[in-house]
Enquirer: 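This is the structure I have questions about; it appears just below.
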Amino acid sequence: MPDDNADDNPAADVVAELADQLAARDIDRVHPEHNLIGALLASPASRAAAILATVRDSDIEQLLPRVTLGIIRRIVAQDRDPGPMAVAAAARIGDQLDDAAAVLTADQLAATVPPEIADVPGGGRAVTEYVTKAYTLGIPVHAEDAARQVSADALHRLINEDGTRVAQMGAARIDIDTITAYADTQLTEWKTRAAELSDDPAPSADRITAAPPITPGTELRIIGTEADARAVVTTLTAAGFVVALRGPYRSRDGRAPRWYADLRNAP
């Protein structure tokens, strides 16, 4: 009599499940939202504040990174480094919201965790697990690039949503003036956000690496665009250095081009 379970292979099922998990992990590693969170978790408060100023919480599409960004923003507002332990400590309040609300004022609670933490399945524990995952992505992370990509993705979603809304209003034969007023308002928002994306930020702390003090013979490594590199050279030249710029050198890991500035004399 044939065995109905003859084709069952528990070991193969386990291997397939692990393969699926590893594939999902690889996809997550290059997602800009996860990269942004990972970079912020490794940043001091001053640098994190500059990055946070370029991205809105609402730009984050997924719930866990959005809630985590909200916690990070609150920690940085207190002039504290948003490291994994600080974020995890704040996230634990999400497991005890009722108790926290009993001892904290509404303003104090809002200054610690975003309201959306109540919507996270698994609460603070899920946020802590996500923080661990984001902090250990295992690839080079570039906060400015990730923040810009997150904002660009958010703008594309907004344009898609607004376009759908206008199409629905047209199909419903809504008053033309109402449609055009809505479209004009949203077009202004698109242009504002597009202008923010086109701004060329000054080279940031993670794009310039050099051991102090800067002396003749020092080699500066600059990671970024040619505009970034030349901005650094301009600054050094104004300080009295003679600078020889070399590059760009492309990285195999997909990072931004590298440039090298050799200092030939001191001011």
Side-chain angles (χ1 to χ4, degrees), residues 27-62 64-77 79-84 86-87 130-131 133-158 190-210 220-236 245 247-261:
I27 293 172
D28 284 347
R29 289 171 66 186
V30 295
H31 195 291
E33 293 183 0
H34 305 322
N35 272 259
L36 174 60
I37 297 300
L40 288 169
L41 290 168
S43 299
S46 57
R47 179 167 178 255
I51 297 164
L52 289 168
T54 69
V55 64
R56 303 168 176 83
D57 288 8
S58 59
D59 288 345
I60 304 292
E61 183 177 23
Q62 299 180 51
L64 269 173
R66 185 167 64 247
V67 169
T68 304
L69 184 71
I71 293 174
I72 289 172
R73 193 181 297 279
R74 286 158 172 78
I75 291 172
V76 172
D79 199 25
R80 295 162 52 214
D81 295 343
V87 176
Y130 172 72
V131 165
K133 179 180 178 181
Y135 190 64
T136 57
L137 285 174
I139 60 173
V141 290
H142 300 281
E144 287 81 3
D145 294 339
R148 183 166 291 202
Q149 187 60 56
V150 164
S151 296
D153 289 347
L155 178 54
H156 280 109
R157 290 195 302 273
L158 177 64
W190 299 355
K191 289 181 177 180
T192 298
R193 293 200 180 195
E196 292 172 356
L197 286 171
S198 66
D199 289 342
D200 189 16
S204 57
D206 72 332
R207 297 193 177 199
I208 307 172
T209 304
L220 290 176
R221 181 167 63 92
I222 308 164
I223 301 175
T225 66
E226 182 176 359
D228 291 335
R230 297 204 177 280
V232 173
V233 171
T234 298
T235 300
L236 292 171
L245 183 65
Y249 298 94
R250 302 288 175 179
S251 300
R252 293 182 179 179
D253 58 9
R255 295 174 62 182
R258 289 171 294 131
W259 305 75
Y260 292 93

Enquirer: So, do Asn35 and Val150 sit near enough that their side-chain heavy atoms are less than 4.5 Å apart?
Expert: no
Enquirer: Measuring from atom CG of Leu158 to atom CZ of Arg193, what distance do you get when rounded to the nearest 0.5 angstrom?
Expert: 5.5 Å
Enquirer: May I ask you to check whether Gln149 and Asp153 show a side-chain donor-acceptor distance below 3.5 Å?
Expert: yes
Enquirer: Could you measure the distance from the CZ atom of Arg47 to the CD atom of Glu144? Nearest 0.5 Å is fine.
Expert: 5.0 Å
Enquirer: Determine the minimum heavy-atom distance between Val87 and Leu41, stating which atoms define it.
Expert: CG2-CD2, 3.7 Å
Enquirer: If every non-hydrogen atom of Ala146 is compared with every non-hydrogen atom of Pro32, which pair is closest and at what distance?
Expert: CB-O, 3.7 Å
Enquirer: Just by modelled atom types, is the Glu61 backbone N or O under 3.5 Å from a matching donor or acceptor in the Arg66 side chain?
Expert: yes
Enquirer: Report yes if some heavy atom in the side chain of His34 is under 4.5 Å from a heavy atom in the side chain of Gln62; otherwise report no.
Expert: yes
Enquirer: CZ/Arg148 to CG/Asp145 distance, rounded to the nearest 0.5 angstrom?
Expert: 8.0 Å
Enquirer: How far does CG of Leu40 sit from CZ of Arg73, to the nearest 0.5 angstrom?
Expert: 9.0 Å
Enquirer: Return yes if some donor-acceptor pair links the side-chain N/O of Arg157 with the main-chain N/O of Asp59 below 3.5 Å, else return no.
Expert: yes
Enquirer: Could you pull out the closest heavy-atom pair between Arg56 and Leu69, with the gap in Å?
Expert: O-CD2, 4.2 Å
Enquirer: How long is the gap from CD1 on Ile37 to CD1 on Ile72, to the nearest 0.5 Å?
Expert: 4.5 Å
Enquirer: Backbone N or O of Ile51 within a donor-acceptor pair of the Thr54 side chain at under 3.5 Å?
Expert: yes
Enquirer: Please name the pair of heavy atoms, one in Ala45 and one in Val76, separated by the smallest distance, quoted to 0.1 Å.
Expert: O-CG1, 3.7 Å
